[in-house]
Chemist: 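Dumping the structure here so I can ask a few things about it.
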Amino acid sequence: MNASQPVSEPRVQADHPAIDELFALLAYGEVAAFYRLTEEARMAPNLRGRINMASMAAAEMGHYEVLRDALAARGVDVVAAMTRYAPALENYHRLTTPSTWLEALVKTYVGDAMAADFYLEIADVLPDEVAGVVRAVLSETGHSQFVVSEVREAVAASGRQRSRLALWSRRLLGEAITQAQYVLADHDELVELVLSGPGGLGQVADFFSRLQQTHDDRMRQLGLA
């Protein structure tokens, strides 16, 4: 980098109270994902599927512990902080409870990726040490390829299954957007983080447009587009 080039400053400072809210929201998301994956592992038709789901669940708890420690370092009790986000996240999972193993796989792949899109958009306005925590807990756990392989194989063998899962994937998108809007409407601090990005209020609308595009890309990866 040119010595005369100014170093860009983060648009949100490390002591901003919204960061506590972001970590708390992520923490509850990780706990909810752990229980969801544990339950859905029972739907697996074989031991390999159960092991893969269990491995992903273990990774979610590892991510929760990172967030718990980050909040503790900021003097925040994780349980008290994250409970405020229970209604929206539990409502999403209640409305998108899979009825089959393949639906569980699609939800795992598509639903969690959409959540990551939301949080990583916010990460761009954060100071490096805070953004590093966010990116670490949203990192690829290395298990998604088994989801892609199983779903693609199933939909290649059955046009009916393909149509059903494509509808299910669109439902996941709709519910994810609805619950994200509820979270933003109820938590001004998170809205402030989003608005800190380039584009201000337009950033919110642009984000939901990008969410649709990345969702379409993932549907193609699963053979559902």
Side-chain angles (χ1 to χ4, degrees), residues 21-22 24-44 49 52-54 56-57 59-61 63-64 67 79 81-122 137-138 141 143-144 147-148 150-151 154-155 160-187 190-191 194 204-205 207-219 221-225:
E21 298 299 319
L22 177 61
L25 174 58
L26 278 165
Y28 194 88
E30 298 294 344
V31 171
F34 169 80
Y35 283 111
R36 172 177 60 81
L37 290 166
T38 301
E39 292 171 2
E40 292 170 4
R42 300 190 184 101
M43 304 172 72
N52 276 310
M53 280 293 203
M56 286 189 285
E60 301 289 5
M61 284 308 294
H63 293 161
Y64 161 77
L67 291 157
V79 174
M82 71 182 185
T83 301
R84 295 192 292 273
Y85 294 98
L89 291 170
E90 291 300 330
N91 202 38
Y92 169 73
H93 289 304
R94 179 180 62 82
L95 293 170
T96 59
T97 301
S99 60
T100 69
W101 170 241
L102 287 173
E103 286 185 359
L105 291 180
V106 171
K107 180 179 177 181
T108 296
Y109 186 73
V110 174
D112 292 352
M114 287 189 291
D117 288 342
F118 175 76
Y119 298 122
L120 291 174
E121 287 269 341
I122 296 175
V137 300
L138 295 171
T141 58
H143 301 282
S144 63
V147 174
V148 175
E150 286 209 27
V151 173
V155 301
R160 180 180 178 185
Q161 194 71 264
R162 179 180 180 277
S163 297
R164 176 173 177 165
L165 292 176
L167 287 173
W168 171 244
S169 182
R170 287 192 285 272
R171 178 179 170 187
L172 292 172
L173 174 66
E175 293 295 347
I177 289 175
T178 297
Q179 297 308 316
Q181 290 171 334
Y182 284 156
V183 167
L184 291 175
D186 289 342
H187 300 278
L190 295 177
V191 174
V194 175
V204 179
F207 161 70
F208 287 115
S209 295
R210 287 192 295 274
L211 190 66
Q212 175 71 63
Q213 181 59 55
T214 55
H215 177 74
D216 292 343
D217 292 342
R218 291 184 185 107
M219 287 188 69
Q221 291 166 6
L222 290 172
L224 299 177

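Starting from 1, each residue takes its place in the sequence as its number. If you're wondering where the values come from, they're calculated on a predicted model, not measured in any experiment. Atom set for the values below is all heavy atoms of this structure, side chains included, hydrogens, waters and symmetry mates excluded.
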Chemist: With heavy-atom distances below 4.5 Å as the criterion, would you say the side chains of L26 and H63 are in contact?
Modeler: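 They are not in contact (no side-chain heavy atoms under 4.5 Å apart), so the answer is no.
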
Chemist: Any idea which heavy atoms bring V137 and E30 closest together, and the distance?
Modeler: O-OE2, 3.3 Å

Chemist: Would you check if Q179 and V183 make a side-chain contact, meaning some heavy-atom pair closer than 4.5 Å?
Modeler: no

Chemist: Any side-chain heavy atom of L222 within less than 4.5 Å of one from Y109?
Modeler: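 Side chain of L222 against side chain of Y109, heavy atoms only: contact under 4.5 Å found.
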
Chemist: Is any side-chain heavy atom of L89 closer than 4.5 Å to a side-chain heavy atom of L25?
Modeler: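 Yes, at least one pair of side-chain atoms sits under 4.5 Å.
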
Chemist: Going from CE on M82 to CD on E21, what distance comes out if it is rounded to the nearest 0.5 angstrom?
Modeler: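 It comes to 13.5 Å.
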
Chemist: For residues Q212 and L173, report the shortest heavy-atom separation together with the two atoms involved.
Modeler: OE1-CD2, 3.2 Å

Chemist: Answer whether the closest heavy-atom distance between the side chains of E150 and W101 falls below 4.5 Å.
Modeler: yes

Chemist: State, yes or no, whether a side-chain contact exists between N91 and E175 at a heavy-atom distance under 4.5 Å.
Modeler: no

Chemist: Measuring only between side-chain heavy atoms, which start at C-beta, is Y28 closer than 4.5 Å to R84?
Modeler: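 Sidechains of R84 and Y28: no contact.
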
Chemist: If I compare all heavy atoms of A44 with all of G49, which pair ends up nearest, and what's the gap?
Modeler: CB-C, 3.7 Å

Chemist: Under the side chain to side chain contact (heavy atoms under 4.5 Å, CB included) criterion, do T96 and E103 qualify, and how do the steps go?
Modeler: CA-CA 9 Å; T96 59; E103 286 185 359; over 6 Å; no

Chemist: Look at the side chain of K107 and the backbone N and O of P98, then say whether any donor-acceptor pair between them is shorter than 3.5 Å.
Modeler: no

Chemist: Please examine the side chains of R164 and L167, heavy atoms only from C-beta on, and report whether any two atoms are closer than 4.5 Å.
Modeler: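 When only atoms from C-beta onward are counted, R164 and L167 do not touch, as no gap falls below 4.5 Å.
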
Chemist: Between R171 (side chain only) and L95 (backbone N and O only), is there a donor and an acceptor less than 3.5 Å apart?
Modeler: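 Checked: pair present.
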
Chemist: Quick one: OH on Y85 to CD on E90, what's the gap to the nearest 0.5 Å?
Modeler: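 With rounding to 0.5 Å, OH (Y85) is 15.0 Å from CD (E90).
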
Chemist: Is it true that R36 and E40 make a salt bridge, defined as a side-chain N closer than 4.0 Å to a carboxylate O?
Modeler: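 A salt bridge is present here (some side-chain N lies under 4.0 Å from a carboxylate O).
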
Chemist: Grab the two heavy atoms, one from M219 and one from S169, that are nearest each other, plus how far apart they are.
Modeler: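 Smallest interatomic distance, heavy atoms only, reads CG-OG, 3.4 Å.
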
Chemist: Check whether T178 reaches the backbone of G174 with its side chain - one donor and one acceptor, N or O, closer than 3.5 Å.
Modeler: yes

Chemist: Shortest non-hydrogen contact from Y92 to L172?
Modeler: OH-CD2, 3.8 Å

Chemist: Where do L37 and E60 come nearest, in terms of heavy atoms and distance?
Modeler: CD1-CG, 3.7 Å

Chemist: Is there a side-chain hydrogen bond (donor to acceptor under 3.5 Å, both in side chains) between Q213 and D217? Walk through the geometry before answering.
Modeler: CA-CA 6 Å; Q213 181 59 55; D217 292 342; 3.2 Å; yes

